[in-house]
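The structure presented is a predicted model; accordingly, all values stated were derived computationally and were not measured. Heads up: numbering here begins at 1 and tracks the sequence. Atoms within each ligand, like the ligands themselves, are counted from 1 in listed order.
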Amino acid sequence: MDIKKAIAQRHSVRSYTNKKIDGEVKEKLINIIEECNKKSGLNIKLFLNEPKAFDTFMAHYGKFENVNNYIVLIGKKDKGTDEKCGYFGEEIVLKAQMLGLNTCWVALTYGKRKIPYDLKKDEKIYCTIAVGYGKTNGVKSKSKSIKEVVKNDDHMPDWFKDG
Ligand SMILES: Cc1cc2nc3c(=O)[nH]c(=O)nc-3n(C[C@H](O)[C@H](O)[C@H](O)COP(=O)(O)O)c2cc1C
């Protein structure tokens with residue numbers, strides 16, 4: 001699967017099976033995250049078989065079920081770190097999709113204090129991403145047409161139109 005197919009196929013998933021992230025898929029996911037950390041200077045962490053952060057009132061309120069693995073986007077408290085988290089987080093969710101995994105971005109509805117990581121003084125948790133084998137592959141959300149989001153579509157370069 002290439003990245004464009006992953007973009008088309010990926011939908012958020014909130015309910016997961018008990019299947020563990022193991023073997024080659026686990027190794028590849030770890031490598032993808034390490035690579036993103038190297039490129040970005042972020043401190044992205046993967047927690048496997050760790051259900052506590054998504055076994056909270058907020059997580060159930062957000063309809064999350066059986067989230068046993070998640071990725072935490074940690075970075076310096078700098079201007080621009082949030083944008084980096086968006087860019088590299090999306091790279092991770094798309095590459096996870098290519099490994100046959102499902103994901104969901106989660107900034108609020110989980111238990112931040114349950115994450116087993118001690119933040120350094122200059123660090124902040126920007127967002128998390130639930131990851132695992134979904135009970136379903138999710139459903140396509142409504143999206144806007146290009147005319148609704150781009151004002152001047154006469155001068156779009158091909159790479160932009162393609163996107
Ligand atoms: C940065 C970010 C943070 C999000 N945080 C939450 C959250 O805390 N709780 C929640 O229920 N959904 C949250 N969402 C929404 C879901 O991740 C998801 O995008 C939404 O269900 C739409 O699904 P789709 O990605 O398949 O279009 C967040 C989305 C993004 C992009």
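For atom 13 (C) of ligand 1, the closest non-hydrogen atom of the protein is W105 O, 3.4 Å. In terms of protein heavy atoms, atom 9 (N) of ligand 1 is closest to T109 OG1, 2.7 Å. Protein heavy atom in closest approach to atom 26 (O) of ligand 1: S12 N, 2.7 Å.
Considering CG of D55 and CD of E65, their distance stands at 11.0 Å, rounded to 0.5 Å. Between the OH atom in Y133 and the CG atom in L99 there is a gap of 8.0 Å [rounded to 0.5 Å].
Judged by distance alone, the side chains of N137 and N102 do bring a donor and an acceptor atom under 3.5 Å apart. With 3.5 Å as the limit, one finds a donor-acceptor pair spanning the side chains of E50 and Y70.
For G138, the heavy-atom gap to ligand 1 stays at 4.0 angstrom or more.
Looking only at distances, a side-chain donor or acceptor of T128 sits under 3.5 Å from a matching main-chain atom of V106.
With a 4.0 Å cut-off on non-hydrogen atoms, K140 does not touch ligand 1 at all. At a heavy-atom distance under 4.0 Å, only side-chain atoms of S141, from C-beta outward, approach ligand 1.
Between R14, H11, R10, it is R14 that holds the heavy atom closest to atom 21 (O) of ligand 1.
Among the atoms of G62, none of the N or O lies under 3.5 angstrom from an N or O of ligand 1.
Contact atoms of ligand 1 toward L108: 7 (C), 8 (O) (distance under 4.0 Å to a heavy atom of the residue). Taking every heavy atom of C104 and a limit of under 4.0 angstrom, the matching atoms of ligand 1 come to 16 (C), 17 (O). Close approach to A107 involves these atoms of ligand 1, each under 4.0 Å from a residue heavy atom: 3 (C), 4 (C), 5 (N), 6 (C), 7 (C), 8 (O).
No salt bridge links E35 with K39; every basic N to acidic carboxylate O contact stays at or beyond 4.0 Å.
Under a cut-off of 6.0 angstrom, the local environment of OH in Y117 is crowded, with over 12 non-hydrogen atoms contributed by other residues, nucleotides or ligands.
Counting only heavy atoms from C-beta outward, the side chains of I146 and M156 approach each other to under 4.5 Å.
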